[in-house]
Amino acid sequence: MTDPAPADLSAIVKAYDVRGDATTQLTPDVAHALGAAFADFLRSSTDGVDMIVAHDMRVSSPDLARAFIDGAVRRGATVADAGLSSTDQLYCASGLHRAAGGMITASHNPAKDNGLKLCLPGARPISRDTGLAQMRATAEGYLDAGQVPEVPGGTSQELDTLRDYVDTVLGLVPISSGRRLRVVVDAANAMGGHTVPAVFERLDQIDLVPLHFELDGTFPNHPADPLNPENLHDLRAAVLKEGADLGFAFDGDADRCVVLDERGALVPPSAITALIAQREIARVRGAGEDRPAVVANLVSSRHVAETIAASGGEHVRSKVGHSLIKALMAEHSAVFGGEHSAHYYFRDFFHADSGMLAALHVLAALAETEGSLSQLVAAHDPYASSGEINSRVADAELAREAVRAHIETVPGTTSDELDGLTVEHWDPAAPEEDRWWFSLRSSNTEPLLRLNVEAAQQSTMERVRDEILDLIRDQAPGTGVGDEPAHSTPATQTEPSIAPAGASGADVPGWVRERLCCPDCAGSLRDVDGGLQCTSCARTHAVDGGIPVLIAGRTEAPGADQRP
């Protein structure tokens, strides 16, 4: 009889959190060992072993939370069991109580998954390099031994954190009572259904239209990933039907928030970053701060840096990753931080990210105007963007080197490697068609290259995007290399078209058809009767004589019934 293989948690302990299948990888036994390891890690530091543990609404979450708490208590920890919570609610409790935190959640992952986000007292982040690797090794040792030795003195008691959370976020972002706003919120049956009612019931000037607020970890309506345009269909339809001023979509643990304007169009996260940065810089400059810092990852729009500078702030570039952004915010005492993935970080919220605070900032900014949200954010979305395009490659470094070699032959470019390869060709004195930049990064977990391109003009963005994609593809002929949107569904799962393929009458080569995108939001296009409809913002663009007429602002194809 052979000995069992030693425990190996490398597949689920990631760079910044723990994530895996809750039936086969992140089981209660594993959670118990990780809870014990977290207590050991805290004891080895100077922070003590007090912790707050909370969980989301996933089917597996209560059992995993109980197992994690039991493991921590067995190693002598004092644990406050906060029960159901959003991740930013847990961060708030960690900051207010100066206790470490453990959040059982898999954020936007499928229902079968679960995970664990950990923080030190004050919501300070923990990454693989600052503790997760050590905890993994400790937990593997407990699993191999088949037991967790007991340290006396551990206790657990319940703690209600919701009221303090509501008081904190509303205290940070007051909203003017001068204008009523009608707001649709899609909680995706996730933790937004827990926090949004508690916050919005205190906002008398907001008419809330709730969508999918029932907590259900099976996600019966759609996945809780608001960056996937397919998951915004319900919200977009409700915004238009209700004549709402705007719509919010939260992810599974409600630490991210995506915004739709009154037309149902997606407001780019970079535009939200610029809007909030402008507001936060003005607030703290009014209180006497000189040139406050704002952190933004390097994939954010160029306009973010321009807004920060114009507002009197200092722009600090960051790699992608929440632990990195939080660390830079602490280092520079940055008032705000933003990511292209709709994570927004606030100094006065313990440098932590909060989808709710981002939503409140948007509401506050809109309440201070008489116009629409689309008018408010138009100034913060001046450039053409490709969005993030993922290319599956056999050798990411080889493909990136091919791009680097090509760029070296292009006059007027500058580049750096803070996070992958970032190339700029943006002379303010040059014609608009010559201004562009792109970022090419490797995925931390998959054989993917992530490309983001931005330019002063749509045609320039498309040209640069296609040139880089061609270079990437040419590096691995016949190996299955292919492009996919950052949030595409698998090829075997296609969304039914409103009309049969070809109904638009677009008579263009296939490779051109694949690259056409909406001029308003850069979303993908599908065939409808007499036109091409954007799957993101729902605008329909005419096809005239077989030629797509992609005009920004087009709402319907001539002769076609208007569609939702």
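Every residue two or more places apart in sequence or in another chain that forms a side chain to side chain donor-acceptor pair (under 3.5 Å) with Asp8 is listed here: Ser10, Arg136. Residues meeting the side-chain contact (heavy atoms from CB on, under 4.5 Å) test with Ala67, sequence neighbours left out: Pro28, Ala31, His32.
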Would you please test Leu90 and Thr105 for side-chain contact (heavy atoms from CB on, under 4.5 Å) and show each step? CA-CA 11 Å; Leu90 183 277; Thr105 182; over 6 Å; no

Determine, stepwise, if the pair Val377 / Asp261 fulfils side-chain contact (heavy atoms from CB on, under 4.5 Å). CA-CA 9 Å; Val377 300; Asp261 67 20; 5.5 Å; no

With side-chain contact (heavy atoms from CB on, under 4.5 Å) as the criterion, how do Glu280 and Arg347 come out once you've worked through the C-alpha distance, each side chain's angles and the decisive distance to 0.1 Å? CA-CA 10 Å; Glu280 285 291 83; Arg347 182 178 66 191; over 6 Å; no

Please step through side-chain contact (heavy atoms from CB on, under 4.5 Å) for the pair Met135 and Val18, ending with a clear verdict. CA-CA 11 Å; Met135 282 180 259; Val18 177; over 6 Å; no

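In this structure, Asp245 contributes its side chain and Val183 its backbone to no donor-acceptor pair below 3.5 Å. Side-chain atoms of Arg74 come within 3.5 Å of backbone N or O of Val148 as a donor-acceptor pair. With hydrogens and angles ignored, the 3.5 Å screen pairs no side-chain donor or acceptor of Ser318 with any backbone N or O of Ala296. Not a single donor-acceptor pair under 3.5 Å links the side chain of Glu339 to the backbone N or O of Asn297. Here the side chain of Asn390 pairs no donor or acceptor atom with the backbone of Leu448 at under 3.5 angstrom. In terms of modelled atom types and a separation under 3.5 Å, the side chain of Arg19 and the main chain of Ala106 share a donor-acceptor contact. Judged by distance alone, with hydrogens and angles left aside, the side-chain atoms of Ser442 form no donor-acceptor pair with the main-chain N or O of Gly420 at under 3.5 Å. Side chain of Arg58 to main chain of Asp113: a donor-acceptor pair is present (N/O by atom type, distance under 3.5 Å, no hydrogens or angles). For Asp186 (side chain) and Ala249 (main-chain N/O), no donor-acceptor pair under 3.5 Å exists by modelled atom type. The backbone N or O of Gln25 sits nowhere less than 3.5 Å from a side-chain atom of Asp21 that would complete a donor-acceptor pair.
Electrostatic pairing of Asp419 and Lys319 does not count as a salt bridge here, judged by no charged N lying under 4.0 Å from a carboxylate O. The pair Asp81-Arg66 counts as a salt bridge, with a side-chain nitrogen and a carboxylate oxygen less than 4.0 angstrom apart. A salt bridge links Asp353 with Lys326: at least one charged nitrogen is closer than 4.0 Å to a carboxylate oxygen. Contact check on Arg202 versus Asp167 returns a salt bridge, with a Lys/Arg side-chain nitrogen under 4.0 Å from an Asp/Glu carboxylate oxygen.
A donor and an acceptor atom, one from each side chain of Tyr142 and Arg75, are located under 3.5 Å apart. Residues Ser385 and Asn452 bring no donor and acceptor atom of their side chains to less than 3.5 Å of each other. Using modelled atom types, one finds no donor on one side chain facing an acceptor on the other under 3.5 Å when comparing Asp129 with Ser127. Side-chain atoms of Thr138 and Asp40 form no donor-acceptor pair, as typed in the model, at a separation below 3.5 Å.
Heavy atoms only, all atoms of each residue included: Val184 and Ala238 are closest at CG1-CB, 3.8 Å. For the pair Ser270 and Ser301, the tightest heavy-atom approach, listed with the atom from each and the gap, is OG-N, 2.9 Å. Contact record, Ser374 with Arg263: CB-NE, 3.7 Å, taken as the closest heavy-atom pair. Here the closest heavy-atom approach between residue Ala7 and residue Leu143 is recorded as CB-CB, 3.8 Å. Counting all heavy atoms, side chain and backbone alike, Glu388 lies closest to His340 at OE1-NE2, 3.1 Å.
Separation of atoms CZ (Phe219) and CG (Asn231) is listed at 10.5 Å; rounding is to 0.5 Å.
In this structure the side chain of Gln89 never reaches within 4.5 angstrom of the side chain of Thr168, judged on heavy atoms. In this structure, Asp88 and Phe350 have side chains that are not in contact, with every pair of non-hydrogen atoms separated by 4.5 Å or more. Within the 4.5 Å cutoff, side-chain heavy atoms of Leu235 are placed close to those of Val239. Contact annotation: the side chain of Phe248 never approaches that of Met356 to less than 4.5 Å [non-hydrogen atoms, C-beta and beyond]. Residues His108 and Pro223 have side chains not in contact (no heavy-atom distance under 4.5 Å, counting atoms from C-beta outward). Counting only heavy atoms from C-beta outward, the side chains of Glu214 and Pro220 never approach each other to under 4.5 Å. Under the 4.5 Å side-chain criterion, counting only non-hydrogen atoms from C-beta, Asp164 is in contact with His97. In this structure, the side chains of Asp251 and Pro226 come closer than 4.5 Å at one or more pairs of heavy atoms.
Taking the ring centroids of His194 and Tyr165, they lie at or beyond the 6.0 Å cut-off. Checked against a 6.0 Å centroid threshold, the rings of Tyr345 and Phe336 do not count as neighbours.
The side-chain contact (heavy atoms from CB on, under 4.5 Å) test with Leu116 is passed by exactly one of Ile104, Leu132, Val13: Ile104.
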